[in-house]
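What follows is a short report on a single structure.
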Amino acid sequence: MKIAWVTGGGTGIGRALSEALYREGHWVVISGRRQDALTQAVEQIKTGHTSGDLWALPGDVTEAAFVEDLPRKVRARWGEIDWLINNAGANTNHSFQQSSPEEFEQAFRTNCLSAILCARAVLPAMRARGSGSIVNVSSILGRWASPDSSSYSVSKYALAGFTDALRQEVAGTGVHVMGVYPGFIRTAMTLPFVAPGSPRARMGKSPESMAAAILKGLHRQKREVLYPWYVPIALRLHAWFPATLEKLRRLFKR
Ligand SMILES: NC(=O)c1ccc[n+]([C@@H]2O[C@H](COP(=O)([O-])OP(=O)(O)OC[C@H]3O[C@@H](n4cnc5c(N)ncnc54)[C@H](OP(=O)(O)O)[C@@H]3O)[C@@H](O)[C@H]2O)c1
């Protein structure tokens, strides 16, 4: 049994992962700003299943006071956090010209600084015990930027950079660091921006399948999870033939 903290655990990928963790018997803390989303997730996940434990702690992961306090509350009730999943995120789906500097700042706070704050809050105890996992959910757009999601891409690149730096910094301490790079997953974040029946919509995967891939990566202590199948292929091809792939992406979006 592990103690896990899933940020953004009330909806989408975070909710699906919290459910998968719970069903495996782990004790899971879920955080998010909307109390109602968290309460609903806890009720739905627990209905019909008794397995691990679930605890909703509402709050904003861009606020240091909330983030620093959460591991103290968990320690007092359950013990030290074994697995931190930095999953909270947001995308305005704006191009550079549609975005203000404040929007870039906010995207960085939500999609990258939050993970930095959460990692700071749990890492000392993980290092002291010589074990633990920190999982950062970036995006395919954190390795191949989209002009339609400028501030999001920038912030997810930053998160990918933080993940790679942290992995190297803690190498040999027993702490595992994993980056997650999802393609298109059908959640509230993406569905309003994809036309039903379009090629992109047909390629979308469920949050449950994404959660299963993350859980597998956690158990195997993988370095990265690139999901679904086309993500590693697209990133490799883009590294080799960037102009061609960017042209193909434009055609694919029509
Ligand atoms: N869906 C995809 O295709 C896709 C692809 C690549 C990467 N991702 C990444 O996967 C992660 C999960 O996204 P999702 O698709 O499952 O979308 P989602 O359902 O909208 O989940 C995002 C979660 O983050 C929480 N959140 C956002 N800002 C927060 C803040 N400041 N403090 C606390 N919680 C915050 C939200 O809860 P509250 O609003 O209640 O705070 C929400 O539960 C994100 O990091 C996203 O960038 C998704």
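What you are looking at is a predicted structure, and each value in this text was computed from that prediction instead of being measured. Atoms within each ligand, like the ligands themselves, are counted from 1 in listed order.
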Going by atom types only, do S209 and S206 share a side-chain donor-acceptor pair under 3.5 Å?
yes
S51 side chain to R23 backbone, donor-acceptor under 3.5 Å:
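Such a contact is found between S51 side chain and R23 backbone.
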Do D53 and K46 meet the salt-bridge criterion of a basic N to acidic O distance under 4.0 Å?
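Answer for the salt bridge query: yes.
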If the threshold is 4.0 Å, N to carboxylate O, is there a salt bridge linking R15 and E19?
yes
Decide yes or no for N86 and W5: does some side-chain heavy atom of the first lie under 4.5 Å from some side-chain heavy atom of the second?
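No - every pair of side-chain heavy atoms lies 4.5 Å or more apart.
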Atom-level proximity to ligand 1, residues with heavy atom under 4.0 Å:
G8, T11, G12, I13, G32, R33, R34, G59, D60, V61, T62, N87, A88, G89, T110, V137, S138, S139, Y152, K156, P182, G183, F184, I185, T187, M189, T190
How would you list, by chain and number, every residue that makes a salt bridge (Lys or Arg N to Asp or Glu O under 4.0 Å) with K73, sequence neighbours excluded?
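Only D69 meet the salt bridge (Lys or Arg N to Asp or Glu O under 4.0 Å) criterion with K73.
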